[in-house]
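Quick note on labels: first sequence line is chain A, next is B, and so on, each numbered from 1.
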2 protein chains.
Amino acid sequence: MEFKEAKNKFVQTWGALGSQWGINKTMAQIHALLMVSHEAVSMEDIMEELQISRGNASMNLRALMDWGIVYKEYKAGERREYFTAEKDLDELAVKISRERSKREIKPALKVLKEVSSITSDNTAEEKHFVDQTTKLYDFVLKADNMLDKMTEYKDNWLAKLVVKIMK
Amino acid sequence: MEFKEAKNKFVQTWGALGSQWGINKTMAQIHALLMVSHEAVSMEDIMEELQISRGNASMNLRALMDWGIVYKEYKAGERREYFTAEKDLDELAVKISRERSKREIKPALKVLKEVSSITSDNTAEEKHFVDQTTKLYDFVLKADNMLDKMTEYKDNWLAKLVVKIMK
DNA sequence: TTAAAGTTTCAAAAAAAAATGAAAGTTTAT
DNA sequence: ATAAACTTTCATTTTTTTTTGAAACTTTAA
């Protein structure tokens with residue numbers, strides 16, 4: 001396999017993976033492209049490589065910057081804007097985790113708390129509902145906190161956790 | 001908030017969360033409904049509660065059973081099939097992790113391995129590509145393994161991991 | 001064996017999500 | 001102040017995904 005083919009395969013695969021996890025294909029593809037580019041890439045180049053429109057490129061670049069995983073770069077004496085991706089994978093994981101937690105998990109937790117707090121009139125049905133949603137709330141909260149700790153400490157997370165537990 | 005309202009809110013929220021993570025809304029809603037139902041539910045009831053067609057219900061129930069998180073139940077002397085969800089959340093997490101790993105992560109890893117193995121002709125561009133995809137492969141593999149270990153040991157994962165590290 | 005009660009399948013329709021592209025907006029150099 | 005170079009926005013179109021519903025299929029009971 002030669003370089004161009006490999007690069008294209010990578011971009012397509014990353015795009016498909018994105019779709020499966022609720023991230024739009026183009027957004028994931030742009031991210032993939034920037035990840036493996038050794039230098040900053042212009043919007044023109046992105047449009048050209050991925051065969052997408054200016055509007056599409058612009059909107060998805062904005063979304064990636066909102067996630068904090070793509071940055072704008074200005075080259076001296078050039079009008080045009082260039083883009084780079086966060087290339088440190090630990091840092092990337094931290095940012096993706098934080099955003100997904102903030103945008104999706106936290107609001108879901110809020111709802112779980114609400115619905116598990118109804119004053120049940122003690123039918124078996126209602127008791128089961130309260131019980132199950134309470135468990136779910138606790139579970140999701142625990143998982144969310146764990147992810148937070150893991151990403152906070154990056155590679156170091158296990159060591160710190162162990163230290164904390166042992167003292 | 002009364003029970004019916006809370007139940008509905010829960011089902012809607014779980015459906016929305018599903019969509020954001022690449023699981024179709026109806027599938028997530030059926031799962032939510034079964035999770036909080038104290039007894040097995042028929043296809044009729046699911047269609048009625050979620051206002052969906054028979055075909056939709058049938059296909060998504062099949063998908064949930066393929067994931068191993070919903071079961072068919074037969075009631076003595078009844079023709080009709082009933083459905084229940086896996087209600088143990090640790091078990092649910094294990095099954096979801098395993099399926100997503102098998103269906104999505106493993107195939108992506110295979111591609112990452114392929115594309116990172118091109119014989120680079122040592123331009124800076126190609127070197128960077130190989131370097132970055134190799135790092136990505138290692139990272140995703142590590143994350144996938146970690147999730148596997150965590151779910152394998154469920155609540156016990158940290159203890160076992162610590163034991164392993166200390167010996 | 002047949003018909004009733006139920007389930008599955010899949011082509012077609014509908015809905016939702018994403019992409020386009022042209023007009024409006026911005027910035028910079030002169 | 002103007003125009004060139006570039007970016008953003010958003011109504012419309014396209015694509016993708018999901019849903020429908022009716023026909024085919026399966027199972028059970030009489």
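To the nearest angstrom, P of C:dT7 lies 11 Å from CG of B:D45. Atom pair B:M47:CE and C:dT8:P shows a separation of 12 Å (rounding to whole Å applied). In this structure, the CD atom of B:Q29 is 13 Å from the P atom of D:dT18, given to the nearest Å. Protein atom CD1 of B:I30 is 12 Å distant from nucleotide atom C1' of D:dT18, rounded to whole Å. Look at CE on B:M27: it is 19 Å from P on C:dA16, rounded to the nearest Å. Straight-line distance from the CD1 atom of A:I46 to the P atom of C:dA19: 14 Å, rounded to whole Å. Computed from coordinates, the A:I23 CD1 to D:dT17 C1' distance equals 17 Å when rounded to whole Å. When the C1' atom of D:dT17 is taken as reference, atom CG of B:N60 falls 12 Å away, rounded to whole Å.
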For nucleotides 6-10 of chain D, tabulate all protein N/O to nucleotide N/O atom pairs closer than 3.5 Å, reporting atom names and distance.
from	atom 1	to	atom 2	distance (Å)
D:dT7	OP1	A:E81	N	3.4
D:dT8	OP2	A:S58	OG	3.2

Run the salt bridge (charged side-chain N to carboxylate O under 4.0 Å, His left out) test on B:D131 and B:K135 for me, step by step, so that the C-alpha distance in whole Å, both residues' side-chain angles and the decisive distance to 0.1 Å come before the verdict.
CA-CA 6 Å; B:D131 184 52; B:K135 280 182 183 156; 3.3 Å; yes
Start with the C-alpha gap between B:S42 and B:D45, add the side-chain angles, then the distance that decides, and say whether side chain to side chain donor-acceptor pair (under 3.5 Å) holds.
CA-CA 5 Å; B:S42 71; B:D45 292 342; 3.2 Å; yes
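Under the salt bridge (Lys or Arg N to Asp or Glu O under 4.0 Å) criterion, A:K106 pairs with A:D144, not counting sequence neighbours. By the side-chain contact (heavy atoms from CB on, under 4.5 Å) test, B:T123 pairs with B:D121, B:E125, B:E126, sequence neighbours left out.
Applying the 4.0 Å criterion to OP1 and OP2 of D:dT19, one finds that B:N24 has a side-chain N or O inside that range.
The aromatic rings of B:H128 and A:H38 lie tilted to each other, with the angle between the two planes from 30° to 60°.
Within the cation-pi definition used here (under 6.0 Å to the ring centroid, within 45° of the axis), B:R100 qualifies as a partner of A:W21.
Listed nucleotides: C:dT20, D:dT19, C:dA18. Nearest to the side chain of B:T26: D:dT19.
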